[in-house]
S.K.: 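So that we are looking at the same thing, I have put the structure below in structure tokens.
Each chain gets a letter, A, B and so on, in the order its sequence line appears, and its residues count up from 1.
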Amino acid sequence: MNDMTPVQTTIKDWETDQEVRWCPGCGDYAILKAVQRTLPQLGSDPANTVFVSGIGCSSRFPYYMETYGFHTIHGRAPAFVTGIKLANPALDVWMVTGDGDGMSIGGNHTMHILRRNLDVQILLFNNEIYGLTKGQYSPTSRIGTKSPSTPAGSVDRPAQPCAFALGSGARFVARGFDVSKNLPDVLKAAHAHKGAAFVEIFQNCIVYNKDVFNDFAAPKGAEDQQLWLEDGQPMLFAKGTKGLARDVANMTLKVVDVVDGDWQAADVMVHDVKNRALAHMLVELPFGSFPMALGVIYDDPRPAYDAVVAEDLARAREGKTANLAALLAKGQTWTVDGTVQDPV
Amino acid sequence: MNDMTPVQTTIKDWETDQEVRWCPGCGDYAILKAVQRTLPQLGSDPANTVFVSGIGCSSRFPYYMETYGFHTIHGRAPAFVTGIKLANPALDVWMVTGDGDGMSIGGNHTMHILRRNLDVQILLFNNEIYGLTKGQYSPTSRIGTKSPSTPAGSVDRPAQPCAFALGSGARFVARGFDVSKNLPDVLKAAHAHKGAAFVEIFQNCIVYNKDVFNDFAAPKGAEDQQLWLEDGQPMLFAKGTKGLARDVANMTLKVVDVVDGDWQAADVMVHDVKNRALAHMLVELPFGSFPMALGVIYDDPRPAYDAVVAEDLARAREGKTANLAALLAKGQTWTVDGTVQDPV
Amino acid sequence: MASAPNLQPDAAPEAVVVRFAGDSGDGMQLTGGQFTLSTALAGNDLATFPDFPAEIRAPQGTLFGVSAFQINFGSTAIETAGDAPDVLVAMNPAALKVNLAALKPGGLIIADTGEFSKRNLDKAKYETNPLEDGSLAKWDVLAFDISAMTMESVKPFGLGNKEALRCKNMWTLGLALWMFDRSREPIHAWLKQKFAKSPDLAAANIAALDAGHAYGETAELSGPLRQLHVNPVVTEPGLYRTITGAEAISLGLVAGARLAELPMFFGGYPITPASAILHHLARLKEFDVQTFQAEDEIAAICSAIGASYAGQLGVTSSSGPGIALKGEAMGLAIMTELPLVIVNSQRGGPSTGLPTKTEQSDLYQAVYGRNGDAPMPVIAARSPADAFDCAIEACRIAVGYMTPVMLLTDGYIANAAEPWKVPDPASYKPFPAHFLTERNDGDNLLPYARDEKGARPWIKPGTPGLMHRIGGIEKAQGTGHIDYSPANHQAMTDLRKAKIDGIDVPDQEVCLGETSGKLVLVGWGSTFGPIHQAVRRARRKGRDVSHVHVRNIWPLPQNLGPLLKGFENLLVPEMNTGQFKTVLRDQFLVDARPLTKTSGQPFAIAEIEAAIEAYFDSVEGNEGGEVEANDTQLPSPEAINP
Amino acid sequence: MASAPNLQPDAAPEAVVVRFAGDSGDGMQLTGGQFTLSTALAGNDLATFPDFPAEIRAPQGTLFGVSAFQINFGSTAIETAGDAPDVLVAMNPAALKVNLAALKPGGLIIADTGEFSKRNLDKAKYETNPLEDGSLAKWDVLAFDISAMTMESVKPFGLGNKEALRCKNMWTLGLALWMFDRSREPIHAWLKQKFAKSPDLAAANIAALDAGHAYGETAELSGPLRQLHVNPVVTEPGLYRTITGAEAISLGLVAGARLAELPMFFGGYPITPASAILHHLARLKEFDVQTFQAEDEIAAICSAIGASYAGQLGVTSSSGPGIALKGEAMGLAIMTELPLVIVNSQRGGPSTGLPTKTEQSDLYQAVYGRNGDAPMPVIAARSPADAFDCAIEACRIAVGYMTPVMLLTDGYIANAAEPWKVPDPASYKPFPAHFLTERNDGDNLLPYARDEKGARPWIKPGTPGLMHRIGGIEKAQGTGHIDYSPANHQAMTDLRKAKIDGIDVPDQEVCLGETSGKLVLVGWGSTFGPIHQAVRRARRKGRDVSHVHVRNIWPLPQNLGPLLKGFENLLVPEMNTGQFKTVLRDQFLVDARPLTKTSGQPFAIAEIEAAIEAYFDSVEGNEGGEVEANDTQLPSPEAINP
Ligand SMILES: Cc1ncc(C[n+]2csc(CCOP(=O)(O)OP(=O)(O)O)c2C)c(N)n1
Ligand SMILES: Cc1ncc(C[n+]2csc(CCOP(=O)(O)OP(=O)(O)O)c2C)c(N)n1
Ligand code: SF4
Ligand code: SF4
Ligand SMILES: [Mg+2]
Ligand SMILES: [Mg+2]
């Protein structure tokens with residue numbers, strides 16, 4: 001996020017006149033609404049907000065936001081964002097990408113924007129498929145995914161966006177899903193974080209990868225598989241009947257039963273968004289034996305790249321005057337009559 | 001590694017007639033020797049061995065190995081390796097890259113070769129600088145690195161190759177340094193691992209980034225800062241006077257003193273190369289307050305990509321005959337006299 | 001129907017263009033496909049073109065949800081899907097709105113009144129019902145409640161409403177079959193097989209089909225509906241099928257690898273309209289084909305080069321933006337002299353451009369788009385069927401000359417279908433790859449020695465005793481060691497150039513007309529159809545005009561220069577701003593004039609005809625020029641995917 | 001010294017070429033730099049060229065560890081670093097071995113016998129000592145123990161052996177200063193300042209310098225050593241400095257951003273020989289310059305486009321392989337019509353090629369190397385000094401026409417140095433950028449409205465009320481919304497083309513000779529020097545030949561076509577296989593004949609002279625052809641870095 005004086009807006013102010021062209025029932029609609037609902041609450045200024053995306057169904061997002069928008073090229077959004085923020089750190093920049101755009105062709109730029117910790121909100125819509133190109137499997141597709149390019153099922157081991165983000169040096173990692181009522185809160189936390197905020201949003205591609213997240217993201221009935229994390233709160237799920245506790249021997253986590261809400265008794269661990277070791281464990285929890293960790297998993301700010309670069313520039317410029325004529329005449333010069341000027 | 005019948009060779013068999021052209025004193029020489037010393041011990045066959053590299057001082061490595069060698073283009077070595085191994089899984093392929101080649105321009109391919117878990121040994125020579133292009137800072141350079149492109153010192157947060165590898169899904173992660181006597185053992189372990197084996201080798205660029213690793217990799221005197229890991233052995237360093245123990249509250253590690261070698265008393269943790277949570281902690285240990293974790297940090301194999309692809313192909317071909325004429329005539333056909341052949 | 005001459009009741013028209021249009025859900029592509037088969041069986045030549053909706057799943061009834069299928073068939077050679085339709089079948093208001101502009105004046109509209117509800121009219125942005133407000137006066141309109149009649153016909157099978165309505169397309173097909181006097185049997189057979197698992201559905205669809213057919217018979221007596229007979233075209237006897245360009249290229253690559261006696265490694269990354277090739281090949285693993293979906297286009301081509309290095313036939317495929325990313329790696333393949341086939345399915349540009357529109361604007365990129373002096377052979381397919389032979393030719397050159405080869409196709413060819421006389425694989429001359437098995441210079445190995453064709457030996461890693469190193473830095477002649485010396489770089493640059501210049505390219509033939517004369521139209525790629533038809537029509541009018549269509553874009557055929565110099569004027573129709581004309585002018589110093597079109601649409605025959613006329617009337621336009629753009633041309637497939 | 005005419009004792013030669021060669025450690029570049037200054041002060045025109053060792057730190061005494069510096073100075077305009085040296089200073093056997101071949105017959109060799117030890121001779125692969133075995137008969141040799149004499153001269157300052165020997169280069173410089181009758185004062189001043197912190201070192205170096213100078217005086221009496229006076233050249237009065245192409249481009253970009261009243265954002269990724277520009281600009285932050293070292297070339301250009309989108313002047317820079325990677329993003333800049341300057345420092349290709357050799361083989365890539373119809377202006381610098389103005393011109397076009405612009409330079413220009421009359425920034429006409437601040441169509445915003453030049457408005461994110469979306473998909477005229485319609489794509493393609501075609505490019509001038517006649521040499525880029533000198537020499541012999549040097553490669557000057565048609569023959573010397581000639585033949589249908597050279601070396605004046613003679617003798621070669629490659633030409637910088 002960036003500092004700004006709050007502006008009064010309504011959801012309408014964030015909608016464009018462009019016909020939204022996702023498939024009926026696509027999870028992207030829900031995410032769009034969530035974002036449009038969140039921005040007024042953040043007091044954001046449409047004129048100061050920029051949505052930048054790559055290419056993909058998800059990446060058409062900017063066309064539907066009444067802000068500045070740049071629909072760039074496949075996988076390179078982070079590089080454009082970097083140029084935009086370094087040129088004008090005052091802008092509030094949101095980046096929208098997909099599992100193909102951000103994790104396949106764009107993986108390297110995703111790594112470097114996180115490593116440098118540029119101040120931007122990164123929303124990765126993970127539908128575990130290439131939607132726009134009609135359903136080929138993606139780097140996040142599960143083994144065995146049947147797709148036009150893998151008619152017999154895919155064999156690649158899927159990438160884990162949040163694990164990748166942490167390994168890349170991310171200082172903010174969160175998860176949500178398209179139809180979740182908590183998504184706006186996750187977006188707010190991302191916006192509040194100064195630096196690169198990485199948010200993986202599970203999104204239902206109802207045409208090419210229908211309901212693959214239903215085990216934990218079904219509109220209803222899957223709540224018990226959701227572990228919604230809150231800083232300083234015990235890691236409870238299944239209506240408080242289960243929790244995550246320390247497996248000290250292996251220095252990892254285990255699921256424990258919680259009787260009558262007495263989580264202390266069950267040694268349930270309290271979530272700490274600044275605990276990096278814990279973050280690693282949470283993003284890699286094998287789903288099934290464990291619930292899906294959602295919400296703000298990790299949030300431990302470091303100076304934002306655009307900020308340190310700005311300081312660096314200020315320092316370099318301090319006390320220096322930009323005399324072009326002098327610059328051109330720098331070094332060993334002479335006049336045709338043969339006397340030397342400032343020999344270096 | 002790949003299965004093969006051992007071949008008798010000597011170090012000489014692995015040296016080419018090409019003049020080695022690294023700067024005198026460059027750490028690359030030591031690594032070259034270590035590799036040439038190791039291969040005979042592995043019983044490797046030069047004719048069956050391929051060294052593939054990108055571009056950089058480090059990437060000139062293949063020219064000095066009397067094997068098959070491909071000096072490709074900057075950052076793309078993993079993609080070439082993938083094509084080579086998928087075309088001929090019987091080849092024993094080593095990939096050599098640098099911190100610029102593998103972590104800057106090539107980061108995405110590094111991620112994907114690790115994610116897919118192709119069977120290859122990946123040696124990343126990390127000298128925290130762009131050597132070949134005359135010393136610009138690299139993604140692994142420490143903050144404040146003065147270089148031609150950062151005269152006032154760099155401001156980017158450095159990438160951590162091993163953390164990146166784990167986040168990318170690597171199943172083998174190890175560390176060594178150029179002049180270390182243990183390097184051959186690390187290389188052997190990497191070769192023994194079926195699947196992508198990622199080895200970060202700290203390398204001294206004596207011209208552009210001299211001795212930056214001396215705190216733990218100085219030819220002598222820095223041994224106490226080296227934590228050499230061994231599976232099933234306590235994590236001890238400083239001649240056994242110190243060790244790493246569990247910090248249970250934070251689920252992380254802490255340094256403890258070991259009195260008269262009684263490490264149990266000090267609760268020193270035993271290293272387990274299959275403990276992924278531990279691996280995350282070890283690769284991210286803040287150096288200074290902690291020693292540098294070296295040796296095999298993580299080694300928990302999964303099926304190698306080239307192997308599963310081969311099975312997948314075999315399955316798909318099983319019982320099918322490749323009748324081209326029939327293939328061409330597939331679908332709805334007709335003869336000019338107007339009778340339909342096999343209507344689909 | 002006076003104004004639609006070729007629909008004269010009794011005259012047997014030479015060619016007819018029919019477009020089936022409806023909602024994405026209405027199964028128009030299926031209808032078109034089956035009508036195509038029956039047309040083929042009736043012995044007509046034909047060309048078809050699908051027109052998918054822009055969105056992946058557009059809301060029902062919307063304008064951008066319209067799906068159409070156009071077929072042009074006749075008693076003479078057909079090479080395009082036709083300019084303007086004679087018959088438009090509109091299953092709903094949106095379909096009518098979107099496709100009406102293209103319809104020939106006096107053409108026939110068949111509409112399903114059942115779908116012209118207020119709601120659908122609104123969705124199609126119609127104020128009033130066009131079927132009633134007289135706005136269709138200049139066309140013949142045949143409007144009746146197809147929905148109702150379909151429901152009626154399938155009642156006996158007790159389908160749900162939705163399922164029953166789905167049979168609409170078969171009813172419509174039945175009517176069309178009657179209109180053009182076609183047999184229903186093959187369709188019956190096909191339906192029985194398609195719905196083998198649910199006989200009721202099969203029966204229902206057949207009933208709908210028959211009902212539509214019967215309606216034609218009874219309705220004929222009155223109204224504009226007439227039965228038309230299009231005579232069969234005389235074609236070589238043999239086994240035929242329809243084929244799209246994407247299929248043809250995939251099969252051609254498989255055949256090419258076979259002829260080279262090599263396994264094929266295909267490294268790809270999805271992109272429209274190239275993905276279809278990846279999809280086809282992914283299903284042909286038993287033909288020693290391996291497909292690898294890489295993380296991006298760069299990894300795709302690099303993996304293919306790696307596979308070639310390891311001894312397989314490396315192939316990669318993409319479209320403009322993806323090909324742009326492959327440029328650096330192409331240079332490496334040129335420097336290391338490894339075989340590689342690069343397929344470029346061109347689409348509208350620049351940048352992401354118009355992913356689903358067709359264009360020929362990547363020719364510059366193909367011939368010139370690399371750093372350094374990096375000569376590379378380029379081949380262009382003229383039609384879906386031709387793509388098969390072009391793919392084989394690309395493999396032959398790649399393997400025979402140890403070089404990457406670019407094969408150009410485009411969105412039109414990729415999606416268009418035409419009848420294809422199924423070839424006998426045995427009729428192609430094999431070009432087996434040779435691998436070096438021992439040192440080629442006494443005790444020395446010379447990885448950069450050259451054979452009579454100028455090609456270096458192909459050496460498989462794993463071969464005992466032949467260890468060597470290659471890479472992208474300039475190599476010494478023979479040894480292939482790094483060599484920066486001036487004389488060597490000069491020599492290697494010359495050798496690389498000479499190898500490509502010397503490729504044995506078949507002599508250029510004139511596909512229509514004399515070998516010299518007043519005017520020649522020089523085309524390449526998918527403009528073949530419209531150019532050929534236009535030249536044919538002009539020649540019928542007695543114009544001294546010929547058609548030359550170039551397949552080998554680089555190197556050009558030896559005889560092309562002299563041939564072109566035999567004509568007073570050269571006109572080069574291209575779907576770009578004039579790229580091939582640059583190559584011709586540079587190589588032969590001939591005054592090749594561009595006739596350009598960059599609307600994302602194939603040329604209409606009439607447009608090229610007009611340019612020829614303009615030349616002979618020698619009015620403005622004689623010097624070629626640019627085609628008038630209009631929105632009523634043959635649309636290209638509309639799947640939006642960039 | 002009969003055979004080296006311009007070294008005749010008494011005659012004042014018009015030009016002299018001196019090469020200082022030694023081990024990397026011997027400080028030859030420093031020596032050369034200071035000799036250059038004294039030459040400039042003596043009022044000679046000059047051109048210099050450094051020749052670094054191939055390796056970053058080659059072992060001492062090895063052949064590939066040799067570092068050299070060549071200077072060509074004279075009393076007439078000097079435009080190249082000279083073909084073959086008249087004087088070779090060889091500080092060790094390796095230096096002699098590597099550079100001997102280039103030396104003019106009868107030229108003078110100055111060698112330090114102190115370094116001709118058995119060990120060093122072995123390292124240089126000399127069986128016997130060339131100074132003694134008579135193998136240098138065809139040259140004049142002046143061999144004496146410079147090492148010893150240096151040690152002697154610095155004894156008083158009690159330096160360590162190593163440090164003392166380091167003064168060798170100053171001793172040598174002193175001798176050279178004497179030889180060409182130069183004042184020592186400036187060097188004294190420079191040394192005092194350089195070693196301000198350690199007066200002893202300063203004194204020692206000065207002592208060595210003076211000793212070398214004194215040696216010349218005393219030794220003159222006998223032997224081949226003679227003092228030579230080269231007359232000053234008449235040049236405009238004013239303030240001068242020497243400048244390399246890399247410096248000039250950096251300064252030109254700074255000046256250009258200034259004139260556009262914009263901050264500059266430079267997104268780069270290291271690559272030889274382009275890195276120097278990144279390095280220079282990284283030190284100019286106070287001039288509102290921001291440099292960003294991206295993770296790769298794609299991120300570099302994309303970040304620069306992002307910065308332009310945000311309202312700064314985006315600049316990116318690379319060499320062949322890196323430029324290849326930027327192709328896709330260039331397309332986006334063209335489609336979104338954002339200003340951008342792309343600098344390509346060309347090197348030998350294809351692929352990684354010869355990173356440290358110079359070549360002009362990326363012209364095809366610059367003009368044609370993108371997918372789709374993607375027109376982009378291209379400008380080429382002819383010399384280090386010219387690069388300054390070219391960079392400004394690139395900025396002017398980029399900002400004025402809202403377009404990416406490619407600026408071509410090469411390894412020769414980047415590293416070569418020449419005197420430069422320091423310009424007055426105020427003498428350049430500003431071209432301030434304009435940003436839209438309110439809606440430009442009543443209540444509507446039209447991001448793709450166009451001004452009289454065809455440029456769209458530049459709109460900064462953050463501007464209230466002007467929110468809009470842009471991207472790489474075809475845009476509707478005016479609104480910039482996504483638009484796939486045929487008429488719009490046709491129109492937009494035409495608009496993009498017309499905008500570039502319409503750029504106001506200055507008329508082409510003839511830089512030497514008549515505006516019509518028998519023969520014209522048409523050059524571009526760094527071939528200016530040799531072409532110019534060759535044409536001058538030929539004209540002296542009375543040949544009817546002119547020199548036209550094109551800066552605006554695309555679009556070409558309006559008058560260029562007519563101008564070239566005024567000559568009977570066109571010869572296009574290029575350091576590639578004939579790329580610019582393609583553009584000329586295509587655009588003007590003129591019979592431009594290529595004179596190609598692809599050895600990674602600049603043209604020697606003599607080579608072009610020979611081609612001109614060949615034409616006038618009308619023997620074979622009249623039609624141009626290719627320069628004989630040989631290894632004894634002016635070397636290009638040898639830092640290996642790909
Ligand atoms: C350089 C390039 N390569 C490939 C494509 C084709 N393409 C467009 S979107 C896409 C993948 C989209 O997947 P994802 O990012 O997951 O987005 P989704 O459609 O699933 O939301 C691909 C391969 C392209 N437009 N440009
Ligand atoms: C496409 C491309 N971009 C840039 C370069 C220039 N380049 C060559 S090596 C290199 C970085 C080398 O750094 P690293 O990988 O750390 O290798 P090192 O020299 O330090 O061993 C760069 C930027 C290139 N050759 N190709
Ligand atoms: S294809 Fe999938 S992701 Fe794309 S719009 Fe349709 S449902 Fe959404
Ligand atoms: S520059 Fe550095 S890394 Fe490269 S060879 Fe020299 S010392 Fe080694
Ligand atoms: Mg996706
Ligand atoms: Mg490095």
Side-chain angles (χ1 to χ4, degrees), chain A residues 18-26 28-29 53-57 59-60 63 71-76 99-110 127 129-141 145-156 159 205-210, chain C residues 24-25 52-65 123 125 246 266-286 291-300 317-322 324-325 350-353 355-356 637-642:
Chain A
Q18 298 297 296
E19 206 159 0
V20 181
R21 293 200 174 181
W22 287 309
C23 303
C26 172
D28 291 347
Y29 285 96
S53 66
I55 301 282
C57 294
S59 290
R60 315 197 104 228
Y63 290 115
H71 180 224
T72 67
I73 46 180
H74 195 34
R76 319 300 174 185
D99 46 306
D101 191 61
M103 290 296 295
S104 191
I105 190 170
N108 198 39
H109 309 298
T110 303
N127 54 13
I129 209 78
Y130 289 174
L132 190 55
T133 45
K134 302 203 149 173
Q136 300 86 0
Y137 82 121
S138 94
T140 58
S141 299
T145 300
K146 285 195 164 51
S147 81
S149 54
T150 52
S154 61
V155 298
D156 313 27
C205 170
I206 58 121
V207 173
Y208 297 114
N209 213 20
K210 197 166 193 301
Chain C
S24 333
F52 306 117
E55 314 307 324
I56 286 152
R57 282 288 164 92
Q60 218 200 2
T62 55
L63 290 168
F64 56 87
K123 282 198 199 151
K125 310 219 168 13
F266 181 93
Y269 186 70
I271 186 167
T272 303
S275 307
I277 298 172
L278 166 63
H279 302 169
H280 284 298
L281 290 173
R283 303 179 168 282
L284 300 178
K285 299 200 175 84
E286 65 269 30
T291 57
F292 170 63
Q293 180 177 308
E295 57 267 33
D296 65 12
E297 286 84 355
I298 297 174
S317 152
S318 190
S319 300
L325 288 168
S351 193
T352 306
T356 62
E638 272 296 354
I640 203 165
N641 320 359

S.K.: Around atom CD of Gln18(A), are there more than 12 heavy atoms from other residues, nucleotides or ligands closer than 6.0 Å?
M.R.: yes
S.K.: Identify the two heavy atoms, one from Tyr269(C) and one from Gly100(A), that lie closest to each other, and give their separation to 0.1 Å.
M.R.: OH-O, 4.0 Å
S.K.: Just by distance, do the side chain of Gln293(C) and the backbone of Ser149(A) share a donor-acceptor pair under 3.5 Å?
M.R.: no
S.K.: Side chain, backbone, both or neither: which part of Thr62(C) has a heavy atom under 4.5 Å from chain A?
M.R.: neither
S.K.: Using non-hydrogen atoms and a 4.5 Å limit, figure out which bit of Pro139(A) sits close to chain C: side chain, backbone, both or neither.
M.R.: neither
S.K.: Where is the tightest heavy-atom contact between Ala282(C) and Pro148(A), given as atom of each residue plus distance?
M.R.: CB-O, 4.0 Å
S.K.: Identify which part of Leu325(C) has an atom lying under 4.5 Å from any heavy atom of chain A, answering side chain, backbone, both or neither.
M.R.: side chain
S.K.: When rounded to the nearest 0.5 angstrom, what distance separates CD in Glu295(C) from CG in Asn108(A)?
M.R.: 10.5 Å
S.K.: Got His74(A) and Pro321(C) here, is their nearest side-chain heavy-atom distance under 4.5 Å?
M.R.: no
S.K.: At what distance, to the nearest 0.5 angstrom, does OG of Ser275(C) lie from CD of Gln136(A)?
M.R.: 5.0 Å
S.K.: Identify the heavy atoms of Thr72(A) and Thr352(C) that sit nearest to each other, and give their distance.
M.R.: O-OG1, 4.3 Å
